[in-house]
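Numbers for residues simply follow the sequence, beginning at 1. Whatever order the structure lists ligands and atoms in, that order sets their numbers, starting from 1.
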Amino acid sequence: MTMNNHSKWVVLTGATRGIGRAIAGHLAQAGYDLILPTRDPATAEHVALELKMLGARAVVYPCDLSIAQQVEDFAKTVLKEMGTPYGFVSCAGMTCDGLSFQLDIAKVQKTFQVNLFSTMQLTGQFAMPMGRAGGGRIVLISSVSAWLGNRGNAAYAATKGGLQAYMKSVLEEFSRRGVTINAVLPGFINTDMTQGRDEWIERMSKRIPAQRVGTPDDVANAVGFLLAPGASYINGAELAVDGGMSATLGLN
Ligand SMILES: NC(=O)c1ccc[n+]([C@@H]2O[C@H](COP(=O)([O-])OP(=O)(O)OC[C@H]3O[C@@H](n4cnc5c(N)ncnc54)[C@H](OP(=O)(O)O)[C@@H]3O)[C@@H](O)[C@H]2O)c1
């Protein structure tokens, strides 16, 4: 059933593909309207059209999250043109595979900008207006990598661990103003980010208690729950969506 969420604009990064695209569809079906910053406006316009067919309003803004100035400009333009959003879902992300002693620092810095710093910039711009407007919701798509070590994943994991540490102090600043901030931690989800690793994924699936990798919809459902009115008392949660993987030693 569609909830009465009209006029609740949600800023969602990373909606062109994978998990973000599923979140966009899920939120549109739940009655939210979507603001989509993207470095690929042509694809994002296709997504916006799909969302409009679901009854939502959707607007696309060009914004490359790896360029800090574009992120600042996007946030200011949204506040001016669209007003204060109800929600902000930070989903865009990139990987930074490589052993810790072989990392390319330029790639590491870009990964921090896309995964962590752009999220800090946008939260910094939106949280105060949300609080002044009576409340809001922020959901950060992190990763179980923030909890569990994985060879060759150090830089990416550091960005995700940073998101969760950041969340906890932001929470202290804004919870009295009715703004919640939570993290969703996907495990292995079948998207472009995990493509080309079929053999590895098949091996990993056997170690996941659910015996399968996740789908973008598995993650989108959790995000939808955290944005819904009934989740107003959930704040600072780190919600793993990983088929039970992070709860076990994976020895069976
Ligand atoms: N898949 C998994 O197993 C998994 C597990 C744990 C956590 N996650 C997290 O879940 C989130 C979504 O992952 P996914 O698997 O859906 O990844 P994906 O299919 O690779 O999609 C990544 C999204 O981020 C956007 N993006 C990347 N760099 C950007 C930039 N510089 N500016 C603007 N947008 C940018 C991409 O836009 P373009 O289309 O323009 O490239 C795309 O929409 C990420 O934060 C990821 O770290 C994924």
Side-chain angles (χ1 to χ4, degrees), residues 11-26 34-48 50 60-75 88-97 106-107 109-122 139-148 150 153 155-164 166-167 183-198 200-201 204-205 208 210 212-223 238-243 245-246:
V11 174
L12 168 65
T13 66
T16 48
R17 294 186 279 122
I19 293 170
R21 194 160 182 156
I23 293 170
H26 191 95
L34 278 302
I35 296 167
L36 310 175
T38 178
R39 63 177 173 178
D40 178 2
T43 304
E45 289 292 356
H46 280 294
V47 175
E50 287 172 9
V60 170
Y61 283 91
C63 176
D64 185 335
L65 297 170
S66 70
I67 302 172
Q69 189 59 52
Q70 289 194 20
V71 181
E72 290 297 317
D73 293 346
F74 159 71
F88 165 44
V89 180
S90 171
C91 182
M94 60 182 282
T95 52
C96 189
D97 293 343
K107 174 114 191 262
Q109 285 168 339
K110 183 175 178 184
T111 309
F112 267 82
Q113 171 58 32
V114 172
N115 293 8
L116 176 59
F117 300 153
S118 72
T119 304
M120 294 171 67
Q121 289 180 277
L122 294 175
V139 179
L140 312 180
I141 304 301
S142 181
S143 167
V144 292
S145 305
W147 286 344
L148 304 170
N150 185 20
N153 214 21
Y156 174 82
T159 67
K160 297 300 189 178
L163 277 178
Q164 288 166 221
Y166 171 74
M167 168 182 81
V184 171
L185 285 62
F188 294 111
I189 309 296
N190 198 2
T191 69
D192 291 350
M193 198 172 263
T194 45
Q195 287 311 299
R197 304 168 85 179
D198 294 352
W200 183 73
I201 284 176
M204 285 307 299
S205 297
I208 298 170
R212 66 170 177 88
V213 297
T215 66
D217 282 330
D218 289 325
V219 183
N221 279 320
V223 174
E238 298 173 358
L239 176 58
V241 180
D242 65 352
M245 184 177 69
S246 59

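- Within ligand 1, the atoms closer than 4.0 Å to a non-hydrogen atom of Tyr156 are 6 (C), 7 (C), 8 (N), 9 (C), 46 (C), 47 (O), numbered from 1 in the order shown.
- Residue Ser142 forms a side chain to side chain donor-acceptor pair (under 3.5 Å) with just one option from Glu238, Gln164, Lys160, and that option is Gln164.
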Let me have the donor-acceptor pairs involving side chains of residues 112-119, under 3.5 Å, with sequence neighbours excluded, atom names and distances please.
residue, atom, partner, partner atom, Å
Gln113, NE2, Leu65, O, 3.0
Gln113, NE2, Gln121, OE1, 3.0
Asn115, OD1, Met94, N, 2.9
Asn115, ND2, Met94, O, 3.0
Asn115, ND2, Thr159, OG1, 3.1
Ser118, OG, Gln113, O, 3.4
Ser118, OG, Val114, O, 2.9
Thr119, OG1, Ser90, OG, 2.7
Thr119, OG1, Asn115, O, 3.3

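- Of all the atoms in ligand 1, the ones that sit under 4.0 Å from a non-hydrogen atom of Val114 are 28 (N), 31 (N).
- With a 4.5 Å cut-off on side-chain heavy atoms, Leu185 and Asp242 do not count as touching.
- Here is the list of ligand 1 atoms found below 4.0 Å of a heavy atom in Gly93: 22 (C), 24 (O), 27 (C), 44 (C), 45 (O).
- Annotation: Ile19 places an N or O atom under 3.5 Å from an N or O atom of ligand 1; distance criterion only.
- For Thr191 (side chain) and Met193 (main-chain N/O), a donor-acceptor pair under 3.5 Å exists by modelled atom type.
- Given atom 32 (N) of ligand 1, the protein heavy atom at minimum distance is Leu65 N, 3.0 Å.
- Ala92 CB, 3.7 Å is the protein heavy atom nearest to atom 25 (C) of ligand 1.
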- Task: Decide yes or no on side-chain hydrogen bond (donor to acceptor under 3.5 Å, both in side chains) for Thr16 and Asp40, but give the supporting numbers first.
- Result: CA-CA 8 Å; Thr16 48; Asp40 178 2; 5.5 Å; no
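- Of the protein's non-hydrogen atoms, the one nearest atom 31 (N) of ligand 1 is Asp64 OD1, 2.9 Å.
- A distance-only check finds a donor-acceptor pair linking the side chain of Thr13 to the backbone of Ala92 [under 3.5 Å].
- Here the shortest heavy-atom distance to atom 14 (P) of ligand 1, taken over Thr191, Thr111, Thr119, belongs to Thr191.
- Not a single heavy atom of Ser118 sits closer than 4.0 Å to an atom of ligand 1.
- Residues satisfying the side-chain hydrogen bond (donor to acceptor under 3.5 Å, both in side chains) test with Gln70, not counting sequence neighbours, are none.
- In terms of protein heavy atoms, atom 39 (O) of ligand 1 is closest to Thr16 OG1, 2.6 Å.
- Counting protein heavy atoms only, atom 6 (C) of ligand 1 is closest to Pro186 O, 3.4 Å.
- Here is the list of ligand 1 atoms found below 4.0 Å of a heavy atom in Asp40: 40 (O).
- Put simply, no part of Pro37 is less than 4.0 Å from ligand 1, judged by heavy atoms.
- Close approach to Cys91 involves these atoms of ligand 1, each under 4.0 Å from a residue heavy atom: 11 (C), 12 (C), 44 (C), 45 (O).
- For Lys107, the NZ atom sits in a packed shell: over 12 heavy atoms of surrounding residues, nucleotides or ligands are nearer than 6.0 Å.
- Close approach to Ser66 involves these atoms of ligand 1, each under 4.0 Å from a residue heavy atom: 31 (N).
- Selection from Met94, Arg21, Arg39 by nearest heavy atom to atom 28 (N) of ligand 1 gives Arg39.
- Ligand 1 places these atoms under 4.0 Å from at least one heavy atom of Ile141: 9 (C), 10 (O), 11 (C), 45 (O).
- Remark: ligand 1 and Phe188 share no N or O pair separated by less than 3.5 Å (distance only, no angle test).
- Shortest contact from atom 18 (P) of ligand 1 to any protein heavy atom: Arg17 NH1, 3.6 Å.
- At under 3.5 Å, a nitrogen or oxygen of Lys160, whether backbone or side chain, sits near a nitrogen or oxygen of ligand 1.
- Contact analysis puts Thr194 in contact with ligand 1, with a non-hydrogen atom separation below 4.0 angstrom.
- Against a heavy-atom cut-off of under 4.0 Å, Gly18 is close to the following atoms of ligand 1: 16 (O), 19 (O).
- A salt bridge links Arg212 with Asp218: at least one charged nitrogen is closer than 4.0 Å to a carboxylate oxygen.
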- Query: After noting the C-alpha distance and the side-chain angles of Ser66 and Asp64, does the key distance pass the side-chain hydrogen bond (donor to acceptor under 3.5 Å, both in side chains) rule?
  - Reply: CA-CA 5 Å; Ser66 70; Asp64 185 335; 2.7 Å; yes
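- The shortest N or O to N or O distance between Ile189 and ligand 1 is below 3.5 Å.
- Looking at atom 4 (C) of ligand 1, its nearest protein heavy atom turns out to be Gly187 O, 3.9 Å.
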